[in-house]
A.B. asks: 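Got a structure for you, questions after.
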Number of protein chains: 4
Amino acid sequence: MEAVLTRTLEELATSGLEGLSVERIARSAKVNKTSVYRRWPTREALVAAALEGVLEGMAAQVPDTGSLEGDLLGLLEPVAALLGQPLGRAVLRAAMAESSASSVAALAARKLEDQARSPVRAMIARAKARGEWRVGVNGQLVLGALVGAVIHRAMLEHAPLSKRWLRSLVDFSLHGVSASRRRLKN
Amino acid sequence: MEAVLTRTLEELATSGLEGLSVERIARSAKVNKTSVYRRWPTREALVAAALEGVLEGMAAQVPDTGSLEGDLLGLLEPVAALLGQPLGRAVLRAAMAESSASSVAALAARKLEDQARSPVRAMIARAKARGEWRVGVNGQLVLGALVGAVIHRAMLEHAPLSKRWLRSLVDFSLHGVSASRRRLKN
Amino acid sequence: MEAVLTRTLEELATSGLEGLSVERIARSAKVNKTSVYRRWPTREALVAAALEGVLEGMAAQVPDTGSLEGDLLGLLEPVAALLGQPLGRAVLRAAMAESSASSVAALAARKLEDQARSPVRAMIARAKARGEWRVGVNGQLVLGALVGAVIHRAMLEHAPLSKRWLRSLVDFSLHGVSASRRRLKN
Amino acid sequence: MEAVLTRTLEELATSGLEGLSVERIARSAKVNKTSVYRRWPTREALVAAALEGVLEGMAAQVPDTGSLEGDLLGLLEPVAALLGQPLGRAVLRAAMAESSASSVAALAARKLEDQARSPVRAMIARAKARGEWRVGVNGQLVLGALVGAVIHRAMLEHAPLSKRWLRSLVDFSLHGVSASRRRLKN
DNA sequence: TGATAACCGAGACGGTACGTCACGTCTTTAA
DNA sequence: TTAAAGACGTGACGTACCGTCTCGGTTATCA
């Protein structure tokens, strides 16, 4: 009976949120359409239920590596891994749907961001303690830029999210465009 | 007869790429469905044609303000303005569709990025000449991060893209998280 | 608990035998559907039970008015009154259902006709004794024609079953088309 | 494509008006459900269309046999033949549906009665000319009673509509219950 | 000028999917 | 242990679009 959720995830990965068909899911899960509608009255509810399990296992875990650079890499790698899969991209697309129409947006976005919140706060606090985080820099802004960069590369440039590229990204986020290490050392 | 394209843009803005219906467009443009299909055999072709005009007028123009900070702001403001509108968000969503399925992705992404390429190159060259661009920093990476940050804020955080926020973003991109301004001034 | 039967009669009157829904009846009687099915395994059984009470009270009572004309009028008036109400028409329709499908047909038809049998016999006997009933005329045929005439008028002509019309009908049944009173008096 | 109408008549005969399923008809006529709905937007319209042909061929033809008795027999025989078939009974049931809900009622009833009107008028005129029709007897009343009697026997008594029975019925309608032939012959 | 092509409106068709209602059967829970 | 509650497979409802097709009727172009 809950092969439905499995099939939903597959459809979500292959056809996207809009392309997904309740009728097709029900058929291929050998369950009656009306039974699906009984439990999950809307398409959104169905997708939300299917994602719940997946998102649960994604509890953002920011490792304490001893340096901001390492922490950021550890934070971004799961994100990159997620967007490296069709399902991950489909979830992101769903989360970007016009908000009113989609409670999936709410669910996915909130769930992910909420889970990330406190580990990220802790990470920033550690960085500040080590003097690696310049006073006045907004954490949300930085994280948004980093995640946004990954999204941009994965979904618009269609370029691979290699570890090398992630390192370059983190490096940029630490030092910016203008700041020269040489100058700093002087 | 080409009220069709206008209506297509409106549908795109209100219903998104997937929610848009050829039949509805034809009806509301007082044109026969078959006539629409004759000219634009697929939904993608129709949307692509409708977007062509819009994207044309968006020729990325990076103003030469004399500083990298100003140039970046001038570059991001139109992006922010675009994502501030439903149509702009719809176009972005279309551009993020699973590539194979959608020539709109190709069109929109290529068109926008292509138009931006040379002005951006020029901007970077100017910045390098002024010593504002650290050697070894990848321009594409930086731009991706900036645009990605805007996308993240507009489509996931649903937060306003104020000028103030854009300035913070540019500031972060220039100096990074770790670099201390004080030290730089030494 | 037996608001169910009340509701069934109402549904029967408004929606007819076929249009009546067990689920709706159960819901509006604030009873579980399965409880209804337990007691009355089929729709027919439910309707039959609901009608039982109603039909009981309809015991055909043919008054002894002293004349065949009066007796027939007294017999037809309740029939007309019945077919003047939606419920009565619905019952008649049920009784006319393709017999195999509907035990309601059996119930309603048998019940009504059975109840009528002996009073009608008595009425005919009285009429014969008074010389008002021509030898060789089949009572069942006459009664069928009279009731059939009322049915035809109520359900096909959609014309009112006024007392005046009933009197004309009885008059016709007594004297026929051809028989002239004048001639008789000669 | 119009096997649909054939199948509709069959379904009407076997399942009745309410039991008939558009989906089943479409399937067994090897036509798409939506195509059926396009042409005949409602179940009623479909049934009406299917009946049209049948009813056309039923143009009531009252033969001029030279006597009222013969004419009435000639009129009732087709009616009896119709109600002897499942389809005929189904049509009658449809015509008796609660009028508002069913344009089939309108169609069937009107069509049949309309077709009958003028031949019946002629028949009555002939009978009057021959002195077989008592002055003041309402033709509609008589016809209603005759047809009603047939309906009653076919649909409630479930008794056969033999020629013998029809003759008895006509005989009753001519002379009534009370009129004595003997007296008439005097 | 008169044939020919290109385009359009109109509308039917086979399909897939939608979301809903009711059916009657079946377990699972609670009085 | 009888009843309620509720889940389930099944079938049908009527509707929206999909993309394809054929049929006539205009225009415009070119011979």
Side-chain angles (χ1 to χ4, degrees), chain A residues 1-4 11 15 18-46, chain B residues 1-4 11 15 17-46, chain C residues 1 4 11 15 17-46, chain D residues 1-4 11 15 18-46:
Chain A
M1 178 55 45
E2 311 309 337
V4 172
E11 284 253 348
S15 311
E18 313 280 344
L20 152 170
S21 143
V22 175
E23 197 142 358
R24 208 163 47 227
I25 288 172
R27 211 167 26 234
S28 78
K30 307 208 180 296
V31 157
N32 201 278
K33 180 174 62 153
T34 46
S35 299
V36 176
Y37 276 109
R38 256 188 289 261
R39 292 229 192 149
W40 305 284
T42 72
R43 171 207 308 256
E44 310 297 336
L46 172 59
Chain B
M1 177 55 43
E2 310 309 338
V4 171
E11 284 253 347
S15 312
L17 179 60
E18 314 279 344
L20 151 171
S21 143
V22 175
E23 199 140 356
R24 208 162 47 223
I25 288 172
R27 214 170 20 236
S28 79
K30 308 212 180 293
V31 158
N32 200 279
K33 180 175 63 154
T34 44
S35 302
V36 176
Y37 274 109
R38 251 189 294 266
R39 292 226 191 150
W40 305 284
T42 71
R43 173 208 306 257
E44 310 297 336
L46 173 59
Chain C
M1 178 54 45
V4 172
E11 285 254 348
S15 311
L17 178 62
E18 314 279 343
L20 151 170
S21 145
V22 175
E23 199 140 358
R24 210 162 44 226
I25 288 173
R27 213 172 19 239
S28 77
K30 307 210 181 295
V31 159
N32 199 279
K33 181 173 62 154
T34 44
S35 302
V36 176
Y37 274 108
R38 232 191 315 276
R39 294 223 191 151
W40 305 284
T42 73
R43 171 208 308 257
E44 310 298 337
L46 172 59
Chain D
M1 179 54 46
E2 310 310 337
V4 173
E11 285 253 346
S15 313
E18 314 279 344
L20 152 171
S21 144
V22 175
E23 197 142 357
R24 207 163 49 224
I25 288 172
R27 210 168 26 236
S28 77
K30 306 210 181 293
V31 156
N32 200 280
K33 179 175 63 155
T34 50
S35 300
V36 176
Y37 275 110
R38 252 188 296 266
R39 292 229 191 149
W40 304 285
T42 72
R43 173 205 308 255
E44 309 298 336
L46 172 59

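Computed from a predicted model, the values in this text were never measured in an experiment. By convention in this document, chain letters (A, B, ...) are assigned in the order of the sequence lines, proteins followed by strands, and residues within each chain are numbered from 1. Basis for what follows: all heavy atoms, side chains included, without hydrogens, waters or symmetry-related copies.
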A.B. asks: Between P on F/dC13 and CD on D/E44, what's the gap in Å once rounded to a whole number?
C.D. replies: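 So the two atoms are 12 Å apart, to the nearest Å.
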A.B. asks: In whole Å, what is the span from the CG atom of B/N32 to the P atom of F/dC17?
C.D. replies: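 Distance, rounded to whole Å: 15 Å.
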A.B. asks: Spell out yes or no: do the side chain of D/K33 and the base of F/dG14 have one donor N/O and one acceptor N/O closer than 3.5 Å?
C.D. replies: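 Present.
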A.B. asks: What are the two closest non-hydrogen atoms of B/I25 and B/E11, and how far apart are they?
C.D. replies: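 Where B/I25 meets B/E11 most closely, the heavy atoms are CG1-CG, 3.6 Å.
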A.B. asks: Rounded to the nearest Å, what distance is computed from the CH2 atom of residue A/W40 to the C1' atom of nucleotide E/dC18?
C.D. replies: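 Going from CH2 in A/W40 over to C1' in E/dC18 covers 18 Å.
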A.B. asks: It should be established whether B/S21 places a side-chain nitrogen or oxygen under 4.0 Å from OP1 or OP2 of nucleotide F/dA16.
C.D. replies: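 So the side-chain polar atoms of B/S21 never come under 4.0 Å of the phosphate oxygens OP1 or OP2 of F/dA16.
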A.B. asks: With respect to the phosphate group of E/dT16, does any side-chain polar atom (N or O) of A/R27 fall under 4.0 Å of OP1 or OP2?
C.D. replies: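 The answer is no; no side-chain N or O of A/R27 sits under 4.0 Å from OP1 or OP2.
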A.B. asks: Could you say whether D/K30 or A/V22 is positioned toward the 5' end of DNA chain E, judged by the nucleotide with the nearest heavy atom to each?
C.D. replies: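 It is D/K30 whose nearest nucleotide is closer to the 5' end.
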A.B. asks: Would you kindly check whether a donor in the side chain of C/T34 faces an acceptor in the base of F/dA5, or vice versa, at under 3.5 angstrom?
C.D. replies: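 Under the 3.5 Å cut-off, the side chain and the base do form a donor-acceptor pair.
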A.B. asks: Does F/dG14 have its OP1 or OP2 closer than 4.0 Å to a side-chain nitrogen or oxygen of D/R38?
C.D. replies: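 No, no such contact exists.
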A.B. asks: Output the rounded distance in Å from CD (B/E23) to P (E/dG15).
C.D. replies: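 In whole Å, E/dG15 P lies 18 Å from B/E23 CD.
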A.B. asks: Please figure out whether D/Y37 or B/Y37 has its closest DNA chain F nucleotide nearer the 5' end.
C.D. replies: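 The answer here is D/Y37.
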A.B. asks: Looking only at side-chain N and O atoms, does C/R43 come under 4.0 Å of OP1 or OP2 in E/dA22?
C.D. replies: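 So the side-chain polar atoms of C/R43 never come under 4.0 Å of the phosphate oxygens OP1 or OP2 of E/dA22.
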A.B. asks: At under 4.0 Å between heavy atoms, what does D/T42 touch on the DNA or RNA strands: base, sugar-phosphate, or nothing?
C.D. replies: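 If one applies the 4.0 Å heavy-atom cut-off, D/T42 turns out to touch nothing in the nucleic acid.
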A.B. asks: Quick check for you: to the nearest 0.5 Å, what is the distance between A/N32 atom CG and A/E23 atom CD?
C.D. replies: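 Answer for the CG-CD pair, A/N32 versus A/E23, is 9.5 Å.
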A.B. asks: How do A/V31 and D/L20 order along DNA chain F: which one's closest nucleotide is nearer the 5' end?
C.D. replies: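 That would be A/V31.
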A.B. asks: Can you tell me how far apart OG1 (A/T34) and CZ (A/R38) are? Round to the nearest 0.5 Å.
C.D. replies: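 A/T34 OG1 to A/R38 CZ: 4.5 Å, rounded to 0.5 Å.
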A.B. asks: Tell me: CD of C/E18 to C1' of E/dA22, nearest whole Å?
C.D. replies: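 Rounding to the nearest Å, CD of C/E18 and C1' of E/dA22 are 14 Å apart.
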A.B. asks: For F/dG11, take OP1 and OP2 only and decide whether either is under 4.0 Å from a side-chain N or O of D/R24.
C.D. replies: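 Looking at the OP1 and OP2 atoms of F/dG11, neither is under 4.0 Å from any side-chain N or O of D/R24.
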A.B. asks: Between B/R43 (side chain only) and B/L17 (backbone N and O only), is there a donor and an acceptor less than 3.5 Å apart?
C.D. replies: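 Yes, because the side chain of B/R43 sits within donor-acceptor range (under 3.5 Å) of the backbone of B/L17.
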A.B. asks: Between B/S35 and E/dC8, is there a contact of a side-chain N or O with OP1 or OP2 at under 4.0 Å?
C.D. replies: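 For B/S35, the contact criterion (side-chain N or O under 4.0 Å from OP1 or OP2 of E/dC8) is not met.
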A.B. asks: Output the rounded distance in Å from CZ (A/R39) to P (F/dG9).
C.D. replies: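 Rounded to the whole Å, the gap is 9 Å.
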A.B. asks: Whole Å only: how far is the CE atom of D/M1 from the C1' atom of E/dA12?
C.D. replies: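 It works out to 8 Å between those atoms.
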A.B. asks: With side chains defined as the heavy atoms from C-beta onward, is the minimum distance between D/R24 and D/S15 less than 4.5 Å?
C.D. replies: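 A side-chain contact under 4.5 Å exists here.
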